[in-house]
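Numbering of residues begins at 1 and proceeds along the displayed sequence.
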Amino acid sequence: MEACGTAHHWAREVSKLGHTVRLMPPSYVKGYVKRSKNDAADAAAICEAVTRPSMRFVPIKSADQQALLMLHRTRDLLIRQRTQLINALRAHLAEFGLVAATGREGLAQLAAIITDEINREALPSAMKQALQALVDQLAALELQIGTLDRAIHAHHRANDMSCRLETVPGIGVIGATAIASTVTDPSDFKSGRDFAAWIGLVPRQHSTGGKERLGGISKQGDRYLRRLLVIGATVVVRHARQQPQKHPWIIRLLAKKPAKLVAVAVANKMARIAWAIMAKGGYYRAPELAAAA
């Protein structure tokens with residue numbers, strides 16, 4: 001079957017009937033569609049694509065894995081909605097010359113302008129009514145995001161693989177639980193390089209005639225995992241600048257490459273380390289500790 005919406009559910013249901021289910025990415029099947037797209041042409045393309053020895057398949061996720069990923073996706077959606085509300089609140093107040101510093105403290109100052117009765121008197125009544133709705137929505141979102149964070153932390157503490165992944169610098173609780181619930185079987189990847197390429201943290205190639213042409217990262221695979229790893233790598237790069245003696249490799253890269261490019265390189269390395277921990281077990285050990293051992 002093509003790996004589309006509800007595909008994992010139907011794969012589990014069909015497996016219960018004794019069948020062996022293979023899920024294929026639709027982009028890999030599309031190349032075998034001969035002409036116009038219809039159900040018969042799609043079925044013929046699937047039958048032909050599944051016989052290819054080089055075809056790659058999507059591992060079937062369990063219900064628990066999908067449920068944990070729903071926590072992540074819902075939390076990510078609420079955070080984006082919170083950002084939209086904050087931007088709207090700042091923009092509306094700026095129209096009246098009311099601005100504050102970025103961050104939580106500045107947001108608290110703007111919220112106080114709307115909630116405090118003394119400050120509210122200087123605002124038009126229609127404006128107060130509109131902005132109070134935004135402040136109430138922000139408060140409700142903060143509670144909901146906190147509830148989801150606690151649920152994710154509870155799953156993290158109960159999952160041994162997630163706890164081991166958290167030991168990698170730059171991979172926190174959110175990243176560890178996302179990787180553990182996304183990767184069904186680490187042995188599906190031959191090496192950490194394949195895992196990093198699956199996430200899309202490798203250069204896009206457009207090589208021909210023996211000439212290698214490498215562009216930006218391919219951005220294939222799970223964009224949520226890629227974003228978490230790059231954000232975590234950015235923190236590692238910032239820490240390396242503060243304590244260069246602990247990260248000589250990153251410091252050497254920063255001397256000749258832009259910081260964002262170095263962050264992607266660090267994210268690639270984090271992905272390879274994460275695969276090694278999932279496939280071979282154990283915990284992350286810092287290079288100096290590994291040399292001393």
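- Between Leu77 and Gln81 the shortest side-chain heavy-atom distance falls below 4.5 Å.
- Within the model, atoms OG1 of Thr74 and CD1 of Ile145 stand 11.0 Å from one another, a figure rounded to the nearest 0.5 Å.
- Here the shortest heavy-atom pairing between Gly200 and Ser218 reads CA-OG, 3.4 Å.
- Considering only heavy atoms from C-beta on, Ile79 comes within 4.5 Å of Arg82 through its side chain.
- Residues His8 and Val58 form a side-chain contact, since some pair of their non-hydrogen atoms from C-beta on lies under 4.5 Å apart.
- Tracing side-chain contacts under 4.5 Å through hydrophobic residues (I, L, V, M, F, W, Y), one reaches Trp10 starting from Leu23; they form part of the same cluster.
- Distance check, rounded to the nearest 0.5 Å: CD1 of Ile60 to CG of Asp185 gives 12.5 Å.
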- Message: Assess the residue pair Asp64 and Ser62 against the criterion (side-chain hydrogen bond (donor to acceptor under 3.5 Å, both in side chains)); give the C-alpha distance rounded to whole Å, side-chain angles, the decisive distance to 0.1 Å, and a yes or no.
- Response: CA-CA 5 Å; Asp64 291 337; Ser62 65; 5.2 Å; no
Side-chain donor-acceptor contacts of residues 97-108 below 3.5 Å, not counting sequence neighbours, with atom names and distances?
none

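- The salt bridge (charged side-chain N to carboxylate O under 4.0 Å, His left out) pairs that include a residue from residues 5-25 are Glu13-Lys16, where partners are two or more places apart or lie in different chains.
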- Message: Would His92 and Leu134 count as a side chain to side chain contact (heavy atoms under 4.5 Å, CB included) here? Give the steps.
- Response: CA-CA 11 Å; His92 291 324; Leu134 296 181; 3.9 Å; yes
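- For the residue pair Val33 and Ala45, the shortest heavy atom distance occurs at CG2-CB, 3.6 Å.
- Here ring-ring contact (aromatic ring centres under 6.0 Å, His included) pairs that include residues 239-263, with residues two or more places apart or in two chains, are His239-His247.
- With sequence neighbours left out, the side chain to side chain contact (heavy atoms under 4.5 Å, CB included) criterion links Asp136 to Gln132.
- Considering only heavy atoms from C-beta on, Ile251 comes within 4.5 Å of Pro244 through its side chain.
- In this structure, the side chains of Ile86 and Leu110 stay at 4.5 Å or more apart for every pair of heavy atoms.
- Annotation: ring-ring contact (aromatic ring centres under 6.0 Å, His included) contacts involving residues 207-238, sequence neighbours excluded, comprise His72-Tyr224.
- Residue Asp160 places its CG atom among more than 12 non-hydrogen atoms of other residues, nucleotides or ligands, all under 6.0 Å distant.
- In this structure the side chain of Ile199 never reaches within 4.5 angstrom of the side chain of Asp222, judged on heavy atoms.
- Considering only residues two or more places apart in sequence or on other chains, Ser207 meets the side chain to side chain contact (heavy atoms under 4.5 Å, CB included) condition with Gln205, Glu212.
- Taking every heavy atom of both residues into account, Ala41 and Ser36 meet most closely at CB-O, 3.4 Å.
- Environment of CZ in Arg73: crowded, with over 12 heavy atoms of neighbouring residues, nucleotides or ligands closer than 6.0 Å.
- Distance check, rounded to the nearest 0.5 Å: CZ of Arg227 to CG of Leu229 gives 11.5 Å.
- Pairs passing the ring-ring contact (aromatic ring centres under 6.0 Å, His included) check and including a residue from residues 142-190, sequence neighbours excluded, read Phe189-Phe195, Phe189-Trp198.
- Annotation: salt bridge (Lys or Arg N to Asp or Glu O under 4.0 Å) contacts of Asp42 (sequence neighbours excluded): Lys37.
- The structure places NZ of Lys128 at 13.5 Å from CD1 of Ile113, a figure rounded to the nearest 0.5 Å.
- Rounded to the nearest 0.5 angstrom, Thr177 OG1 and Glu166 CD are separated by 9.5 Å.
- Taking 4.5 Å as the limit, every side-chain heavy atom of Ile179 sits out of range of all side-chain heavy atoms of Leu228.
- Side-chain contacts under 4.5 Å among hydrophobic residues (ILVMFWY), followed directly or transitively, place Val50 together with Met24, Tyr28, Val29, Tyr32, Ile46, Met55, Phe57.
- Residues Leu165 and Ala180 approach most closely at CD1-N, 4.1 Å, considering heavy atoms.
- Counting all heavy atoms, side chain and backbone alike, Leu214 lies closest to Pro203 at CB-CB, 4.0 Å.
- Once rounded to the nearest 0.5 Å, the distance linking CD1 of Ile152 with CZ of Arg157 reads 11.5 Å.
- Considering only residues two or more places apart in sequence or on other chains, Arg241 meets the side-chain hydrogen bond (donor to acceptor under 3.5 Å, both in side chains) condition with none of them.
- At a threshold of 4.5 Å between side-chain heavy atoms, the hydrophobic network of Ile, Leu, Val, Met, Phe, Trp and Tyr places Ile250 and Tyr284 in one connected group.
- Using a 4.5 Å heavy-atom threshold, the side chains of Leu141 and Gln144 count as touching.
- When the side chains of ILVMFWY residues are joined at heavy-atom separations under 4.5 Å, either directly or via intervening members, Leu123 and Leu89 end up in a single hydrophobic cluster.
- Residue-environment remark: CZ (Arg193) stays at or below the threshold of 12 foreign heavy atoms within 6.0 Å.
- Residue pairs meeting the salt bridge (charged side-chain N to carboxylate O under 4.0 Å, His left out) criterion with at least one partner in residues 144-156, sequence neighbours excluded, are Arg75-Asp149.
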What donor-acceptor contacts under 3.5 angstrom involve side-chain atoms of residues 258-279, with partners at least two apart or in another chain?
residue	atom	partner	partner atom	Å
Asn268	OD1	Arg272	NE	2.8
Asn268	OD1	Arg272	NH2	3.4
Asn268	ND2	Leu201	O	2.9
Trp275	NE1	Pro186	O	3.0

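- Under the 4.5 Å side-chain heavy-atom criterion for Ile, Leu, Val, Met, Phe, Trp and Tyr, Ile114 and Leu138 are members of the same hydrophobic cluster.
- Placement of Phe96 and Leu93 within a single hydrophobic cluster is found when ILVMFWY residues are connected by side-chain heavy-atom separations under 4.5 Å, directly or transitively.
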